[in-house]
Amino acid sequence: MLTIMTSFADITTIGVGGHIARFLEPTSRVGVIEAVEDADAKGLPLCVIGGGSNMLVADEPFNGVVIRDARRRITVPDEAAPVENGERTVHINAEAGCNWDDFVAFTVELGLEGVEGLSGIPGTVGASVVQNIGAYGQEVASTVETVEVWDRKDKKTLEIAAADMGFGYRMSKLKASMYTAPATPAADFFPTPRYVVLSVTFALRHSATGTVGYGQLAKALGVEVGDRMETQTIRNAVLKVRAAKGMLEDAGRYATPAMAGTKRTDQVAIAQRAQAAQQNAASASSTPSDEREELAALTPDYNRHSCGSFFMNPILTLEAAATLPADAPRFDATLPDGTLGVKTSAAWLIDHAGFHKGFTVTADARAGLSTLHTLALTNRGGASAADVAALAKTVQDGVEQAFGVRLIPEPVVIGIDLR
Ligand SMILES: Cc1cc2nc3c(=O)[nH]c(=O)nc-3n(C[C@H](O)[C@H](O)[C@H](O)COP(=O)(O)OP(=O)(O)OC[C@H]3O[C@@H](n4cnc5c(N)ncnc54)[C@H](O)[C@@H]3O)c2cc1C
């Protein structure tokens with residue numbers, strides 16, 4: 001187990017956050033459990049971190065323990081793929097510390113279908129089930145079979161079946177255990193859930209083709225929603241669409257000491273080359289191409305220094321939705337009490353409240369909305385958590401004034417009140 005000095009700014013994608021009193025990287029299953037159990041027994045604040053891509057942490061020192069699971073193995077116990085319900089299903093287990101996109105790349109290489117649409121989402125396998133990651137018509141919930149956890153309350157390991165995970169839109173019973181109300185931390189389990197994920201077992205179809213499940217993706221591929229294509233083609237298209245919106249992490253972060261070794265080296269190289277090519281195309285420089293690739297790989301892409309989508313799409317009561325302008329997006333959704341509600345678009349509300357891409361609170365602010373994506377709050381270099389929080393509050397207040405809707409942050413916000 002390694003203990004190094006670090007800060008949240010070094011290990012989160014948005015690159016802000018205070019010094020960490022104790023940072024541990026256990027390399028065994030028992031090491032993870034013991035580290036969690038030790039912090040809990042001592043009553044210390046505990047943060048189990050993955051890729052730090054869904055966290056905004058305050059600038060003040062974190063006087064507790066931060067644990068990053070260094071186990072990244074993927075195992076396929078039954079590669080022979082027995083037939084289940086007329087289909088060949090492959091069960092595949094990944095340890096919690098495994099980089100999520102490494103996992104997706106592995107499944108696509110193996111000819112498995114089910115998570116290709118989730119290509120390029122930063123973070124780890126462990127955290128993927130905490131907020132039930134989703135994109136381009138897929139959600140991780142639909143491929144999860146079981147989740148192996150350490151239960152911090154009852155102090156034992158458990159296998160939770162997918163059906164008992166309480167999966168919903170950006171939600172699971174793990175995430176629910178951290179809050180008493182939206183954006184209101186629970187006293188017992190925050191900023192890390194009651195159940196610490198140790199590994200996840202997925203059930204994937206043995207198929208080299210997948211379904212294109214989302215309009216924007218279908219358009220990029222020149223096909224119809226519902227068409228079947230090679231999973232590798234779908235993966236490549238997802239990565240391209242994401243890159244164009246700045247919704248990938250900055251591949252340069254894996255060259256830093258605090259992040260080195262947390263992602264497959266070949267995948268880091270692929271991501272760095274793609275990012276360099278994108279930057280070169282944008283800069284249209286006359287430097288020879290080999291040299292340009294190297295230079296660009298070292299240039300930070302500030303649109304990618306974010307937590308992804310910062311606000312959840314609000315799910316409103318029918319009455320509240322009726323007060324929105326007629327052209328506001330509306331989709332059927334279920335409210336927490338199980339009744340029918342309406343999901344609208346946080347990006348639409350933000351944009352129509354006057355906060356457009358690239359918005360900053362002041363002309364020289366170091367935090368701003370991404371110039372490519374309204375929903376991403378970015379660190380343009382040298383921002384503090386307080387700068388990001390000031391931007392978030394300005395957007396929340398402005399949207400509330402315009403539409404009567406208070407936006408709820410999607411990331412885990414530690415040490416800052418963004419209710
Ligand atoms: C550029 C960008 C694009 C994004 N796009 C998407 C997207 O399309 N769809 C989407 O759903 N999300 C998206 N996200 C959000 C983020 O990538 C996901 O939420 C991801 O699953 C977070 O993983 P992580 O390992 O970085 O979690 P972290 O940020 O490290 O942690 C998040 C939470 O999970 C908890 N956690 C971490 N590991 C464990 C564990 N082993 N056991 C229990 N709890 C744990 C932490 O304690 C914390 O509460 C995006 C983020 C970025 C920066």
Side-chain angles (χ1 to χ4, degrees), residues 54 85 114-115 117-118 121 127-147 149 151-154 158-197 200 202-203 213-215 225 308-350 375 396 399-400 403-413 418-419:
N54 209 26
N85 305 321
V115 290
L118 305 177
I121 298 183
S128 71
V129 293
V130 173
Q131 79 145 355
N132 181 20
I133 54 170
Y136 302 106
Q138 278 180 351
E139 269 187 350
V140 77
S142 59
T143 53
V144 170
E145 191 164 67
T146 54
V147 181
V149 299
D151 179 351
R152 296 169 63 195
K153 185 160 182 244
D154 291 345
L158 291 173
E159 284 273 322
I160 308 179
D164 300 323
M165 278 290 289
F167 283 131
Y169 164 65
R170 297 298 93 82
M171 188 46 81
S172 71
K173 81 167 179 183
L174 277 55
K175 185 166 173 182
S177 74
M178 295 197 288
Y179 298 99
T180 52
T184 309
D188 291 345
F189 304 110
F190 186 88
T192 281
R194 166 177 168 178
Y195 303 100
V196 172
V197 178
V200 180
F202 299 84
Y214 198 76
V225 171
S309 299
F310 196 86
F311 295 108
M312 311 246 278
N313 287 325
I315 299 180
L316 308 172
T317 60
L318 299 178
E319 296 72 40
T323 67
L324 291 178
D327 56 339
R330 290 175 164 79
F331 308 95
D332 286 347
T334 310
L335 288 158
D337 65 4
T339 59
L340 184 67
V342 173
K343 182 155 90 173
T344 187
S345 155
W348 189 95
L349 296 176
I350 293 169
L375 259 189
Q396 282 178 311
V399 167
E400 191 167 19
F403 302 112
V405 176
R406 188 77 185 164
L407 293 175
I408 306 291
E410 184 188 298
V412 178
V413 180
L418 285 183
R419 270 174 286 178

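All values below were derived from every heavy atom in this structure, side-chain atoms included, with hydrogens, water molecules and symmetry-related copies excluded.
- The distance from atom CD1 of Ile408 to atom CD1 of Ile315, rounded to the nearest 0.5 Å, is 11.0 Å.
- Between Trp348 and Phe403, the ring planes lie tilted relative to each other; the angle falls in the 30° to 60° range.
- Counting only heavy atoms from C-beta outward, the side chains of Tyr169 and Thr334 never approach each other to under 4.5 Å.
- Annotation: the span from Ile350 atom CD1 to Leu375 atom CG amounts to 4.5 Å, rounded to 0.5 Å.
- Here the closest non-hydrogen pair linking Met171 and Ala176 is SD-N, 3.8 Å.
- With hydrogens and angles ignored, the 3.5 Å screen pairs a side-chain donor or acceptor of Arg330 with a backbone N or O of Ala321.
- Within the 3.5 Å criterion, the main-chain N or O of Val196 finds no donor-acceptor partner in the side chain of Arg152.
- The side-chain heavy atoms of Tyr179 and Val412, taken from C-beta on, include a pair separated by under 4.5 Å.
- Side-chain N or O atoms of Ser142 include none that pairs as donor or acceptor with a backbone N or O of Val140 at under 3.5 Å.
- The minimum heavy-atom distance linking Pro314 with Ala346 is given by the pair CD-N, 3.9 Å.
- Atom OG1 in Thr146 sits 11.0 Å away from atom CG in Asp164 (nearest 0.5 Å).
- Proximity of Val225 to Tyr214: side-chain heavy atoms (C-beta onward) are nowhere separated by under 4.5 Å.
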Using the side chain to side chain contact (heavy atoms under 4.5 Å, CB included) rule, take Val144 and Phe202 through it: C-alpha gap first, then chi angles, then the decisive distance, then the call. CA-CA 4 Å; Val144 170; Phe202 299 84; 4.0 Å; yes

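- In this structure, CD on Glu400 lies 11.5 Å from CG on Leu349, to the nearest 0.5 angstrom.
- Shown here for Pro185 and Ala183, the closest heavy-atom pair between the two residues is CD-O, 3.5 Å.
- The minimum heavy-atom distance linking Val130 with Pro193 is given by the pair CG1-CG, 4.2 Å.
- For Met312 against Leu407, the heavy-atom pair with the smallest separation is O-CD2, 4.3 Å.
- Side-chain contact check for Leu316 versus Leu324: some heavy-atom pair is nearer than 4.5 Å.
- Heavy-atom minimum distance, Pro329 versus Thr344: O-OG1, 2.8 Å.
- Under the side chain to side chain contact (heavy atoms under 4.5 Å, CB included) rule, Arg194 has a single partner from Leu174, Asp188, Asp154, which is Asp154.
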Does the side chain to side chain contact (heavy atoms under 4.5 Å, CB included) test come out yes or no for Val147 and Tyr195, once each step is laid out? CA-CA 10 Å; Val147 181; Tyr195 303 100; over 6 Å; no

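- Here the CZ-CG distance, from Arg170 to Asn54, works out to 9.5 Å after rounding to the nearest 0.5 Å.
- Side-chain atoms of Asn132 come within 3.5 Å of backbone N or O of Gly168 as a donor-acceptor pair.
- Rounding to the nearest 0.5 Å gives a distance of 9.0 Å between CZ of Phe167 and CD of Glu139.
- Between the Gln396 side chain and the Arg406 main chain, no donor and acceptor come within less than 3.5 Å of each other.
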